[in-house]
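Reminder, nothing fancy here: chain letters follow the sequence lines and each chain counts from 1.
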Amino acid sequence: MSGSLLDRKIEAEMAEGKVGWLKAVRRSRAFRTFMRDKAAVVALGVIAIYISIAVVIIGAQFANAVTRGALSDTFIVKELSLDASLKRVGPDSLPGFFNEPKPEDRLEHADSYLSRIERALSREDPAAALLAVTDAERGVADLSPDEIERLLEDAFDALDTADITFEDVDILREDLEFAREDLAAATTADDAEELRTQIDEMTEQLVEAEAAFESALDGLDDAVLALMPWPTGFDGAVYNARLLLGTDSQGRSILWRAVYSIRVATQVGLVSAILAVVVGAFMGATAGFFGGWVDHAIVWLYSTLSSVPYIVLLTVVAFVFGSLEVTVPFTDGVKVSNTLIPMYVAFGVTFWIAPCRQIRGEALKIRSLDYVQSATALGAGRFYIMRRHVIPNVLFLVFINFSLIFIGAIKSEVILSFLGIGVIGQPSWGVMISESKSEVRNQFFWQIGTATAFMFGLVLAFNVFSDALQDACDHKHAR
Amino acid sequence: MWSYVLRRILYNIPVYMGVILFLMLLLRLTDPVTAYLGKFPTYDQYNDKRTDFGLDKPILGDWQLGGRTWTAVQSEAASVGDTYLAKGPGTGAAWVQWSIDLAPGEYTIQATWPSVEDDEGVPRSLGESGLTWVRLIEGDIPLRTVSMDQTRPARSTEIDGVGWHNIGNVTLSRSEPLHVRLRDDSSAPILIDAIRVQPNRVRDAEDTPAPTVLDADASTEGIEIVNDPWTVGGFGRSLWDNQYVAALGRIVTLNFEHRSWSVPSQSVGEIMSSSIVPSLSVTLPVLILTTLISTTLGLIASFNRGKPLDRGVMFLAVLGMSISYLVYVIVGQYFGAQWPRLAFDLEIFSTFGYEPVLPLWSDVRQSLIDGGAEDPGWFRVLASWFANVPGTLASWPYYCLLPVLIGVIVAMGYDTRFYRAVMVEECNKDYIRTARAKGASNKRVMFKHMLRNALIPIITRVMISLPFIIMGSLLVEIYFGIPGMGQQLFAAITNKDFPVVEAITALLAAIFIITNILTDVLYAVVDPRVTLK
């Protein structure tokens, strides 16, 4: 028991040409029910925001491609390009919101900056080599190589101090650990007492050493900042934005990657959903409406495909198409395996079954309804009935399936990317989540958190949206 | 009733045949042998693997393009002469051979074929993979067998506008003729336009002699064209002697004795049977727990329909559904297994690895033999096996409980929503209103009336998830290192272990269809309203 998107009365008025499509939809009960649901309207807004970001990204890249790279220096085009999300912008695994990294990491970051500058200075043309030492907007201070060298020496001194103080801390920590183990194993009260005083002493020493290490690190950071000053003005704002949510294990901006992934997700979702829904709706309507051997053939086809567990089908199809040595038509030698095409095929093959099955069932039911029977008796042709009664009545299934498949595609992308047969060579939420598995083991949650949050917004919006759509189109539960 | 069961079974036979056909065509889009061995296998490796699994047979009948005999194709695409020879893939029984008398010396052998680009009537559509084998023979001693990758046009060197592929150099020491033989044991069609013999250094000759071009034409001197005896005499290879029937036969007779390619010590059946228990040890508890918890939650939510409790549960379910499975696995592993270890030095769960949850039959038997029993009967082994169960089962929580918890959390959102919808549907039925009108208590309405009727969709859902139970949970198994069916299948896919991939997918599909039939039948048994039509 489900119904058309439009009410019969409006439908009739529309057929007479009194009202246009848009107005008819706006006046329909389903539309009104849907609009009453505040959460659904918000969800629709969220989806619109995501899709417009994706459109802007694709539009910028498209405009750049059409003008043969003339726009590639424009700020927007440059920042929305794939390169911007693959570029190193700072030290590895920097936490978001400018939180301080772990002391060990700070030491390592400073070390890597200093050695990069040192290497540049040892080149034949140090001035030019120094210019190449950049992390996005952050470059080496605008000083002569001699001055840089002097600053570098100071910085290395600071690094040595920090290293030594760190070693002290390390040794004390280890000793403390041993002492605690001894205490646990102590047999006599005297021993225990002695050990306890020892531990207290050591703890005090450790606090001191840690303070020394901390101040040495601060000194080191200042020295590095003198060499590579933090950008200011507009550049500074952009650079801060890049580091807002931290960097991944290769020093790439997590925020940039997450935003670029919107494009991949939208692309995967839209293409798979359109593909699956169009194929499914066509097959389902054909099967349900014509019946006979056409019906049998289509039912056989989808029963066959759905007899392979969905995750197996997805994996095998994505793998086989990913290993085909075929180039994409109309490009100069781009391998199919480096594109999203294997995923489209896998999702298309897997996801068309649900809309097909539902629309077939619905079409079968509609065909046997009284008013359709009477239309047939009145001499209405097959295609008239199809257009007039079947299609409007299954349209809501198309919309619901579209949004369900969109969700399915985005979520399956994560699994395929984890298995290494999904998105390759560009960032996506799936790629980000799977790359963060080693980061999580080191207690770094920024990448997985960001990717999950971005994905959560879109998927939740689609979930709420499809629920509201289902309620709006389901006459039985309509108030 | 029985006719209904029979009808369901009969209906599913063509479906299953379709599954096998689909999987077969899908897995053969690329040549399984070159996929496994890489681009440059030796002839023996290649041919062993190909015949090993019957991959030299036609996929489905005798339909392969190019046919089973060498055909001279008259075409513009031929750059030497106006014909070239073409043949479909075969068993190695058919060949074409050129013989040429050459003086001792060093020669370069080249070949040319119509390139894929100018394919006017060129039977290359299937030839996206596979190698063509050329055997070079001096007198009656084979010098070597070399592969030619015919998916690309021949163009190592270009002479007079013709692109030639360098097969290789040969040094002839005896004054015997050189035979260049093209064999048909390829997974792709074979095309040959001409062979070229380029002398490099010839002993006892003042000038280097001119190169010889041997056209692929029946009138060329020294050419010998041999066809597969099976197809030439008019009685072709049996219609049933193809890969499709062989695959169907293997699954119907449950013949899983084939050796795995990547782990030759194990047969396909051994791999599958050893991975079922690990899979089940995770998925079975997940199914039971999820069904119990989510039916209860669904029942409670539907009973408080529209109230804050219902809204809260449903909101949580949608939130849970909007987070990726992978995030649950990664974060769950960290907070379940790693964090307690770092923070409190507690070793609650394993992060990676597995120990058998049930004792292995062969281990039990071996330990009995080691213990002095000559040839323990199956009864003694069984008794000893049961005695060992508690010991091995004790390792279950350490390895499997965390994956189970993660699986339950992931599945709960979906299941709770589904069961709530089912219960809400039941709530609106007349019989509930009648029961209330009669004055039945809430508890009685909920458990006595509603739950019993809602059992039908619950049973259906549980039955539908049975194949996934055996399949295991791919992601969890890979991430936690549990050697279940999902992990084995994925390992086989990435290792291109063709026999294992084919067997596991076919078996999973078979289980899926059997549970489908069972569901239909059970449904009819449980619900008398279902007319057995």
Inset, instruction - Heavy-atom distances under 4.5 Å only: say whether A:Phe456 touches chain B with side chain, backbone, both or neither. - result: both
Legend entry - Plane angle bin for B:Phe344 and B:Trp339 - parallel if under 30°, tilted between 30 and 60°, otherwise perpendicular: perpendicular
Legend entry - Residue part contacting chain B, namely of A:Leu313, when any heavy atom lies under 4.5 Å: side chain
Legend entry - From B:Thr30 atom OG1 to A:Phe321 atom CZ, the distance as rounded to the nearest 0.5 Å: 10.0 Å
Legend entry - Whether A:Glu413 side chain and A:Ala265 backbone form a donor-acceptor pair below 3.5 Å: no
Inset, instruction - May I ask you to decide if A:Asn463's main-chain N or O and A:Ser466's side chain share a donor-acceptor pair within less than 3.5 Å? - result: yes
Inset, instruction - Could you tell me which portion of A:Ile407 (side chain, backbone, both or neither) has an atom closer than 4.5 angstrom to a non-hydrogen atom of chain B? - result: neither
Legend entry - Residue among B:Arg417, B:Lys496, B:Met17 with most heavy-atom pairs under 4.5 Å to chain A: B:Arg417
Legend entry - Under 4.5 Å from a heavy atom of chain A, the part of B:Ile513 involved: side chain
Inset, instruction - Let me know if A:Phe462 has heavy atoms under 4.5 Å from chain B in its side chain, its backbone, both or neither. - result: neither
Inset, instruction - Verify the distance criterion only: is there a donor paired with an acceptor across the side chains of B:Glu477 and B:Ser279 at less than 3.5 Å? - result: yes
Legend entry - Flag, side chain of B:Gln333 to backbone of B:Phe480, donor-acceptor distance under 3.5 Å: no
Legend entry - Between A:Pro309, A:Ala39, A:Gly457, the one whose heavy-atom pairs under 4.5 Å with chain B are most numerous: A:Pro309
Inset, instruction - Select one option (side chain, backbone, both, neither) describing which atoms of A:Ser434 are under 4.5 Å from chain B's heavy atoms. - result: both
Inset, instruction - Indicate yes or no for a side-chain donor-acceptor contact from B:Arg311 to the backbone of B:Gly306 under 3.5 Å, with no hydrogens or angles considered. - result: yes
Legend entry - When B:Gly18, B:Ala506, B:Ala510 are compared by non-hydrogen pairs under 4.5 Å with chain A, the top option: B:Gly18
Inset, instruction - Give the member of A:Ser306, A:Gly430, A:Ser307 that has the highest number of heavy-atom pairs under 4.5 Å with chain B. - result: A:Ser307
Legend entry - Top contributor to chain B contacts, counting heavy-atom pairs under 4.5 Å, from A:Val312, A:Val320, A:Leu458, A:Leu419: A:Leu419
Inset, instruction - Check whether any side-chain N or O of A:Lys437 sits under 3.5 Å from a backbone N or O of B:Leu326 as a donor-acceptor pair, and report yes or no. - result: no
Inset, instruction - Against chain A, label B:Ile511 side chain, backbone, both or neither, depending on which of its atoms sit under 4.5 Å from a heavy atom there. - result: neither
Inset, instruction - Give, as side chain, backbone, both or neither, the part of B:Ile323 having an atom under 4.5 angstrom from any heavy atom of chain A. - result: both
Legend entry - Test of ring centre spacing under 6.0 Å for B:Phe335 and A:Phe445: yes
Legend entry - Polar side-chain atom of A:Arg357 near backbone of A:Val299 as donor-acceptor pair, under 3.5 Å: no
Inset, instruction - Could you have a look at A:Val308, A:Leu301, A:Val316 and say which one has the most heavy-atom pairs with chain B under 4.5 angstrom? - result: A:Val316
Legend entry - Which atoms of B:Tyr11 approach chain A - backbone, side chain, both or neither, heavy atom under 4.5 Å: side chain
Legend entry - Leading residue by heavy atom contact count with chain A [cutoff under 4.5 Å; candidates B:Phe490, B:Tyr325, B:Phe22]: B:Phe490
Legend entry - B:Lys429 with B:Glu426: basic N within carboxylate O range, under 4.0 Å: yes
Legend entry - Under 4.5 Å from any heavy atom of chain B - which part of A:Ile433: both
Legend entry - Which portion of B:Ile20 sits near chain A, non-hydrogen atoms under 4.5 angstrom: neither
